[in-house]
Number of protein chains: 2
Amino acid sequence: MDQTICPKFEKALSIMNKRWTSLIIFQLLEGSQRFCEIESAIGVSGRVLSERLKDLEKEGMVKRTVHDETPVRIEYSLTDKGHSLKPALNQIQSWADQWIEAE
Amino acid sequence: MDQTICPKFEKALSIMNKRWTSLIIFQLLEGSQRFCEIESAIGVSGRVLSERLKDLEKEGMVKRTVHDETPVRIEYSLTDKGHSLKPALNQIQSWADQWIEAE
DNA sequence: TATAGTTAGTTACATAAAGTAAGTAACATA
DNA sequence: TATGTTACTTACTTTATGTAACTAACTATA
């Protein structure tokens, strides 16, 4: 593997290209949401959602907030770093609008 | 799985989120290239590169051209549809520049 | 003629990632 | 005591990817 491609870009893609990551962030752009909301909104399995949210937290893109209610309520929201992906996702959205046909 | 998210967007992500797809397109934005050039530039295995190029051809994003030389030379290039992903990839690039730290 | 070299793949097999469905902790309510 | 809730985790299956050897269709070299 040469080093022809920018390592920051490759790092970014290694995050974004993991299955579900982009959809999770896209979903959280609507506002903070809880585990089961994200799960049912995008159709990801609990096992993988749990994994991804931990990864995204570790990357500083998602924040996890515990509300001590009963039953416990946990909210996931985007940090600035997470939120700043919005323009990129919007570009993908507008590409999709132009080039993907409705099935 | 609800249908809260735009199906075109989901389709777009199902293409882009496959491992290597974005890097392959990014690489081809530099100009048409042959199999082994892409392979060594981004470090993808031949097995997967072959699979991805077929997918991208089927999606109308990549064009495969055979030059009858010896040994045979095959060039892969972007179609308009493939090329039009450039703004999205540029957005990811600039996000990476801002938010990813050099290791 | 036999041997080796070229590109663009394919094949067989091993490992890693994701899907599925059941289980758990820590409560509250009926 | 049994049931329900949320936010996960665990065990197991299926799918995706990595690795490395192999093939087709030539040409060049010994």
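Quick caveat, the model's predicted, so the values are computed rather than measured. Below, chains carry the letters A, B, ... as their sequence lines are ordered, and counting in each starts from 1. Quick note: numbers below take in every heavy atom, side chains included, and nothing from hydrogens, waters or symmetry partners.
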How does each nucleotide of nucleotides 15-24 of chain C score, in 5' to 3' order, for protein heavy atoms under 4.0 Å: base (B), sugar-phosphate only (S), or none (-)?
---BBB----
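The two residues A:Ile38 and A:Gln33 have their closest heavy-atom pair at CG1-CB, 4.0 Å. Across all their heavy atoms, B:Pro87 and A:Gln91 have their closest contact at CB-OE1, 3.4 Å. Contact record, A:Trp20 with A:Gly43: CH2-O, 3.8 Å, taken as the closest heavy-atom pair. Taking each heavy atom of A:Glu101 and B:Lys8 in turn, the nearest pair found is C-CE, 4.4 Å. Taking all atoms of both residues into account, the shortest heavy-atom contact from A:Trp95 to B:Met61 is CZ2-CE, 3.7 Å.
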Using the side chain to side chain contact (heavy atoms under 4.5 Å, CB included) rule, take A:Leu29 and A:Leu89 through it: C-alpha gap first, then chi angles, then the decisive distance, then the call.
CA-CA 10 Å; A:Leu29 282 171; A:Leu89 292 174; 4.1 Å; yes
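Of the residues B:Lys54, B:Lys18, B:Lys11, B:Arg52, the one that meets the salt bridge (charged side-chain N to carboxylate O under 4.0 Å, His left out) test with B:Glu59 is B:Lys11. Of the candidates B:Asp55, B:Ile42, B:Leu78, B:Ile42 is the only one forming a side chain to side chain contact (heavy atoms under 4.5 Å, CB included) with B:Ile24.
Within a 6.0 Å sphere centred on NZ of A:Lys81, heavy atoms belonging to other residues, nucleotides or ligands number more than 12.
Over its length, the helix from C:dT1-D:dA30 to C:dA30-D:dT1 turns its helix axis by 30°, as judged from the five terminal pairs at each end, rounded to 10°.
Here C:dT7 presents its P atom at 17 Å from CG of B:Leu53, a figure rounded to the nearest Å. Rounding to whole angstrom units, NE2 of residue A:His67 and P of D:dA7 are separated by 10 Å. Atom pair A:Asn17:CG and D:dT17:C1' shows a separation of 14 Å (rounding to whole Å applied). Distance CG (B:Leu49) to C1' (D:dA16): 16 Å, rounded to an integer number of Å. The distance between atom CD of B:Glu37 and atom P of C:dG9, rounded to the nearest whole Å, is 13 Å. Rounded to whole angstrom, the span from the CG atom of A:Asp55 across to the P atom of D:dC8 amounts to 14 Å.
To the nearest 0.5 Å, atoms CG (A:Leu85) and NE2 (A:His83) are separated by 10.0 Å. The distance from atom CD1 of B:Ile15 to atom CD1 of B:Ile25, rounded to the nearest 0.5 Å, is 8.0 Å.
Within a heavy-atom distance below 4.0 Å of DNA chain C, the residues of residues 68-77 of chain B found are B:Pro71, B:Val72, B:Arg73, B:Ile74, B:Tyr76.
For C:dT7, the OP1/OP2 oxygens have no side-chain nitrogen or oxygen of B:Arg34 closer than 4.0 Å. A sub-4.0 Å separation between OP1 or OP2 of D:dA7 and a side-chain N or O of A:Lys54 is absent.
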